[in-house]
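Hydrogens, waters and symmetry mates are skipped; everything else that's a heavy atom, side chains included, is used. A quick note: this is a predicted structure, and the numbers were derived from the prediction, not measured. Counting begins at 1 with the first residue of the sequence.
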Amino acid sequence: MPAGAPHRLVPAGESVNLRYKAAQAGLEGVAWYCETCGGEIHRDVWDTAVMLPQEGYLETVQRFNGDAALRACAACGVAHPEIDLTPYRWEALAADIRAESASA
């Protein structure tokens with residue numbers, strides 16, 4: 001995928017995805033798509049010079065989870081569930097990255 005191009009990965013089965021990113025990535029974001037109609041539900045973008053990607057993902061998912069209106073598809077009206085944050089360690093990873101940067 002070219003940089004800056006919104007895209008959606010839908011694996012057909014178990015898979016491993018490798019994502020290559022620039023050291024100074026600039027803007028990064030996440031978007032959710034409706035499982036029913038495929039329409040975009042919500043999108044958020046942040047500047048990685050200000051906020052680490054892990055912080056951005058955590059913040060936007062928490063906002064998405066906390067607002068039922070953000071989880072409702074405007075196209076077909078389907079209400080989508082909250083995202084389970086259990087498998088992710090974004091807060092701990094961001095803290096580790098910040099600590100490593102401070103000691104460098």
Side-chain angles (χ1 to χ4, degrees):
M1 272 301 130
H7 58 281
R8 181 179 185 194
L9 300 175
V10 182
E14 213 172 295
S15 65
V16 174
N17 295 303
L18 299 177
R19 310 275 293 187
Y20 295 95
K21 294 170 34 173
Q24 304 299 321
L27 298 180
E28 189 157 330
V30 64
W32 285 273
Y33 294 88
C34 181
E35 293 295 325
T36 303
C37 74
E40 186 177 301
I41 301 170
H42 177 67
R43 157 188 315 248
D44 198 7
V45 176
W46 60 90
D47 186 347
T48 61
V50 176
M51 181 181 292
L52 291 172
Q54 295 81 4
E55 293 167 333
Y57 292 128
L58 179 62
E59 185 177 293
T60 196
V61 172
Q62 287 174 330
R63 186 172 30 258
F64 182 79
N65 284 350
D67 187 344
L70 295 180
R71 297 191 314 272
C73 180
C76 70
V78 169
H80 294 272
E82 294 182 11
I83 305 297
D84 179 11
L85 286 168
T86 305
Y88 307 103
R89 298 180 46 244
W90 289 324
E91 189 169 12
L93 288 169
D96 289 348
I97 292 166
R98 292 226 180 260
E100 186 177 309
S101 294
S103 67

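For the residue pair I41 and A72, the shortest heavy atom distance occurs at CG2-O, 3.9 Å.
You'll find the side chain of V61 reaches within 4.5 Å of the side chain of L85, heavy atoms only. By the 4.5 Å heavy-atom criterion applied to side chains, F64 and D44 are not counted as neighbours. At a threshold of 4.5 Å between non-hydrogen side-chain atoms, the residues Y88 and L58 do not count as touching. Contact check for R43 versus Y33: side-chain heavy atoms found under the 4.5 Å cut-off.
Partners of R89 according to the salt bridge (charged side-chain N to carboxylate O under 4.0 Å, His left out) rule, which considers only residues two or more places apart in sequence or in another chain, do not exist here. Under the ring pair (Phe, Tyr, Trp, His ring centres under 6.0 Å) criterion, W46 pairs with Y57, not counting sequence neighbours. The side chain to side chain donor-acceptor pair (under 3.5 Å) check on D84 picks up T86, with sequence neighbours excluded. Under the rule for a ring pair (Phe, Tyr, Trp, His ring centres under 6.0 Å), the partners of H42 that lie at least two apart in sequence or sit in another chain are W32.
Hydrophobic cluster of I97: the remaining members, joined at side-chain heavy-atom separations below 4.5 Å, are L52, listed by chain and number. In the hydrophobic clustering (ILVMFWY side chains linked at under 4.5 Å, chained through shared members), V45 is joined by L27.
Checked by atom type and distance alone, the side chain of R71 pairs as donor or acceptor with a backbone atom of H80 at under 3.5 Å. Of the possible polar contacts, one joining the T48 side chain to the G26 backbone as a donor-acceptor pair under 3.5 Å is found.
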Test side-chain contact (heavy atoms from CB on, under 4.5 Å) applied to M51 and E28, step by step: CA-CA 10 Å; M51 181 181 292; E28 189 157 330; over 6 Å; no
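The line from SG of C76 to CD of E35 is 10.5 Å long, rounded to the nearest 0.5 Å. Separating the CD atom in E59 from the CD atom in Q54 is a distance of 13.5 Å, to the nearest 0.5 Å.
A 6.0 Å sphere centred on CD of E91 holds no more than 12 heavy atoms belonging to other residues, nucleotides or ligands.
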